[in-house]
Amino acid sequence: KRHLLEGDRFSGFLSRMALNDNKAGMEGLDRDKINKIIMKFSKGSRFYENEMKKEQQVNQRIERMMLQKAHITEQQLSKAQTQVENMTFDLERVRDLSRVIVHVDMDAFYAAVETRDCPDLKDKPMAVGSMSMLTTSNYHARKFGVRAAMPGFIAKKLCPNLVIVPTNFDKYRAVSAEVQEIFADYDPHFLPMSLDEAYLDISEHLEQRRVWPEALRTHRLRTNDTGTATSVSVPGQESTVEGLSPVLFEDSPSSSSCPFLQDAPGGGAGGDVMVFGTCAEEAVREMRFRIEQKTSLTASAGIAPNMMLAKVCSDKNKPNGQYRLPSNRQAVMVFIQDLPVRKVSGIGNVTEKMLGALGITSCIHLGQEMALLALLFSETAWHHFLEISLGLGSTHIERDGERKSMSTERTFGEMVALEEQFSLCRQLCQDLAQDLQKEALRGKTVTLKLKNVNFEVKTRAWTLPCAVATSDELFAVAKDLLKTEIDNVSPQPLRLRLMGNLNLPSLTGLNGVYHWKKILNITFNVCCIYQ
DNA sequence: GGGGGAAGGACCA
DNA sequence: TTCCTGGTCCTTCCCCC
């Protein structure tokens, strides 16, 4: 097993730095060439050195796990097997296939919004973000290996013609609100995960929809100034009319079967209308159609009996496509078999590597090795693995309860001067206090976060007897935490590159009435260089 | 042995 | 020249009762 790890280390470069091609639009590109370029411009940097260090820690973790595995006895294994079987039985008994859960994901959202508002960008590789970090890239850019969470300067090496557009969150928020209005028509309790993503439970909608007259399932194509319908990507058909808005993505081939494109009987101002059916797929197709009509942006969707599966499904026919997994156990199990574990939300880089070391790459292996996993991982972890291997997930979506923490942090060039560090600390406290005030929240634990120029992160926390909220109260704690850290490295200076501040729940009086309010974790992040 | 706090990480968008 | 931000949840260690 040692050889496996060594092999990994010599396999060329760090897996965490290398191109991650499990995102849509990344198929069939020259991985070797791209990885060579990424390495060439990353190697030797402080960031890279820190990534190396983290990778080695993961490798050590895996070695410890393999050692543990070597000591497992047949008896332990069979005992664990019984436990797994009992647990499986309990889970199967309450398997719920009755809900219709949809996961909707806007395609390359920020990039799509920017392209819509600046059609010159349409045929160019572009990304949204800055030279230090990209948040999204369009599909042209993805062909060069340019992806989200890649620094812009590396992306420029991969694709010298890349256009980088700065982020404009206010705009994305506004578009997101428009999209969410449509979501609400299908599920008033939909759960937004971010500006570009949401879960919906459309079970009730489908119930009503079954008896809807055609008129309620008919949607007019948006018209432009001259009264002609603007272009829209009708599934399985050529765009009928050239319009003002760019079609950002062709419909993906796999999501065929489509609603009727008809001439409106009554004529009216426009002309073309779309009529959608009553089933889940038609409802979701209609929703995506309406999103595109309203915003000129496309979305992808997954339809499944639970959230975990819906999320995987929405990725299947991305961009501008949808996929439905039928609501029966057999179909779910077949779908799960070959699914790479990494595709499941919650399994990231590290878990993938740990499972990989055990020979587990797809969900079928997960089920086969469950007894072993029960012995090597924590209870929460293996229970989670078991649910995945059975294709189970949350069947009712809940809006988040109260928030657990609130924080603010900032990255900057190397900062060594004490006055500067304290004044930044004060600024962050002010910013956080403002945010806390907006939601009328207080926090009991104040956390100072520091990152030094070598990308090493430290957090230092202090819990108060009662919750605080004002800038002065926060700073009183944060400055002591900062001072302690400075004293610890003195006489060397703290060489920071990031500082942040986090505040946790309490009982606070509001308008004379007592409400349960979360005491937040206050984090205050300062970046320094320790030597 | 359990609860709470502190520190560090994994993971997500 | 440049590798983010703001969340949640989990794990491990330690102390205290």
Side-chain angles (χ1 to χ4, degrees), chain A residues 14 16-17 23 38 41-43 45-51 53-54 57-58 61 64 103 105-106 108-110 128-136 147-157 164 166-167 169 172 176 192-198 311 342 344-354 377-384 400-414 428 431-432 435 444-451 453-465 481 485 497-504 518-525 527:
Chain A
L14 294 161
R16 57 194 318 134
M17 301 278 304
K23 254 304 221 220
I38 295 177
F41 292 98
S42 306
K43 228 169 190 165
S45 69
R46 288 175 164 143
F47 178 81
Y48 177 86
E49 293 303 321
N50 189 251
E51 290 297 300
K53 212 177 86 189
K54 288 199 275 182
Q57 281 167 7
V58 172
R61 218 177 127 182
R64 283 199 303 274
H103 179 255
D105 197 349
M106 299 296 294
F109 187 50
Y110 301 169
V128 177
S130 67
M131 270 316 228
S132 36
M133 188 50 61
L134 302 179
T135 62
T136 348
R147 65 194 203 283
M150 176 182 274
F153 72 94
I154 302 266
K156 278 277 196 185
K157 306 290 181 192
I164 298 180
T167 48
F169 279 101
Y172 312 143
S176 181
M193 298 304 288
S194 61
L195 290 180
D196 74 323
E197 212 185 294
K311 166 98 192 187
R342 187 59 214 263
V344 178
S345 177
I347 298 194
N349 194 22
V350 174
T351 312
E352 181 189 30
K353 266 194 99 175
M354 309 244 311
F377 288 81
S378 72
E379 188 164 78
T380 3
W382 80 259
H383 283 185
H384 183 225
D400 277 347
E402 270 151 71
R403 66 152 77 229
K404 307 277 191 306
S405 69
M406 185 181 275
S407 69
T408 181
E409 65 183 54
R410 219 151 294 155
T411 296
F412 35 79
E414 177 172 350
L428 287 167
D431 295 350
L432 184 59
D435 292 346
K444 226 172 76 161
T445 305
V446 179
T447 309
L448 177 73
K449 175 173 164 186
L450 303 173
K451 191 190 277 179
V453 291
N454 295 321
F455 292 86
E456 291 160 338
V457 178
K458 272 189 185 175
T459 58
R460 292 294 176 258
W462 188 256
T463 301
L464 298 157
L481 291 169
E485 282 317 293
R497 80 183 313 276
L498 171 146
M499 192 186 295
N501 197 343
L502 167 89
N503 190 357
L504 291 174
K518 292 288 173 186
I519 300 183
L520 306 168
N521 265 320
I522 303 181
T523 352
F524 174 73
N525 303 339
C527 242

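Chain naming here is simple, since letters A, B, ... match the order of the sequence lines and numbering starts at 1 in each.
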message: At less than 4.0 Å, is any side-chain N or O atom of A/T411 found next to OP1 or OP2 of C/dT5? Yes or no.
response: yes

field: From C/dT5, C/dC10, C/dG7, nucleotide with atom closest to A/S405 side chain
entry: C/dG7

Euclidean distance, atom CD of residue A/E414 to atom P of C/dT1 [Å, nearest integer]: 16 Å

task: Could you tell me whether the side chain of A/S130 and the main chain of A/S132 form a donor-acceptor pair under 3.5 Å?
output: yes

field: Gap between atoms CD1 and P, on A/I154 and C/dT1 respectively (whole Å)
entry: 12 Å

Check the interface with nucleotides 13-17 of chain C: list each N/O to N/O pair with the protein under 3.5 Å, or write none.
none

- prompt: At under 4.0 Å, does any side-chain N or O of A/T380 touch on OP1 or OP2 of C/dT11?
  reply: yes

message: Please tell me if A/K451 has a side-chain N or O lying less than 4.0 Å from either OP1 or OP2 of C/dC4.
response: yes

- prompt: When you measure from the side chain of A/R342 to the backbone N and O of A/I347, does any donor-acceptor pair fall under 3.5 Å?
  reply: yes

field: Pair A/E409 + A/K449, salt bridge at N-O below 4.0 Å
entry: yes

- prompt: Side chain of A/E197: nearest nucleotide among C/dG7, B/dA13, C/dC10?
  reply: B/dA13

- prompt: Where along nucleotides 2-9 of chain B does protein come under 4.0 Å, by heavy atom, of base (B) or sugar-phosphate alone (S), with - for untouched nucleotides?
  reply: ---SSSSS

query: About how many Å separate NE2 of A/H103 and OG of A/S345, when rounded to the nearest 0.5 Å?
result: 8.0 Å

message: Using whole Å, what does the distance between atom P of nucleotide C/dG6 and atom CG of A/D196 come to?
response: 18 Å

- request: Compare the minimum distances between each of B/dA13, C/dT8, C/dT11 and the side chain of A/K404, then state the nucleotide with the smallest one.
  value: C/dT8

message: Over all strands shown, is A/T351 touching base, sugar-phosphate only, or nothing at heavy-atom distances under 4.0 angstrom?
response: sugar-phosphate

- prompt: Regarding A/T445 and A/T463, is there a side-chain donor-to-acceptor distance under 3.5 Å anywhere?
  reply: yes

statement: A/M150 atom CE is separated from C/dT2 atom C1', nearest whole Å, by 14 Å

message: Let's see if you can work this out: which of C/dG6, B/dA13, C/dC4 has an atom nearest to the side-chain heavy atoms of A/M133?
response: C/dC4

Spacing between A/M406 atom CE and C/dT5 atom C1', to the nearest angstrom: 14 Å

- request: Give one of base, sugar-phosphate or nothing for A/L134, where a contact means two heavy atoms less than 4.0 Å apart.
  value: nothing

task: Report the base-pairing partner of C/dT11 (Watson-Crick or G-U wobble, both distances below 3.5 angstrom), or none.
output: B/dA7

task: Check the distance between B/dC11's C1' and A/M354's CE and give it to me in whole angstrom.
output: 14 Å

field: Minimum-distance pair of heavy atoms, taken over all atoms of A/V350 and A/R61
entry: CG1-NH1, 3.9 Å

task: Calculate the interatomic distance between A/F455 atom CZ and C/dC4 atom C1'; express it in whole Å.
output: 10 Å

message: Looking at A/D431 and A/R410, is any side-chain nitrogen of the basic one under 4.0 Å from a carboxylate oxygen of the acidic one?
response: yes

query: Considering heavy-atom distances to DNA chain B, does A/L195 or A/K54 have its closest nucleotide positioned more toward the 5' end?
result: A/K54

task: List the atom of A/F377, the atom of A/A381, and the distance in Å for their closest heavy-atom pair.
output: CB-CB, 3.9 Å

message: Between A/E49 and A/R46 (salt bridge meaning N to carboxylate O under 4.0 Å), is one present in this structure?
response: no

task: Classify the ring geometry between A/Y172 and A/Y110 as parallel (under 30°), tilted (30 to 60°) or perpendicular (over 60°).
output: parallel

query: Do A/N50 and A/N454 come close enough that some side-chain heavy atom pair is under 4.5 Å?
result: no

field: Phosphate-side-chain proximity, A/S130 and C/dT2, N/O vs OP1/OP2 below 4.0 Å
entry: no

message: At 4.0 Å (heavy atoms only), tell me whether A/M193 reaches a base, stays on the sugar-phosphate, or touches nothing.
response: nothing

field: Distance, rounded to the nearest Å, where A/F153 contributes CZ and C/dC4 contributes C1'
entry: 13 Å

query: Does the side chain of A/R410 get closer than 4.0 angstrom to OP1 or OP2 of C/dC4 through an N or O atom?
result: no

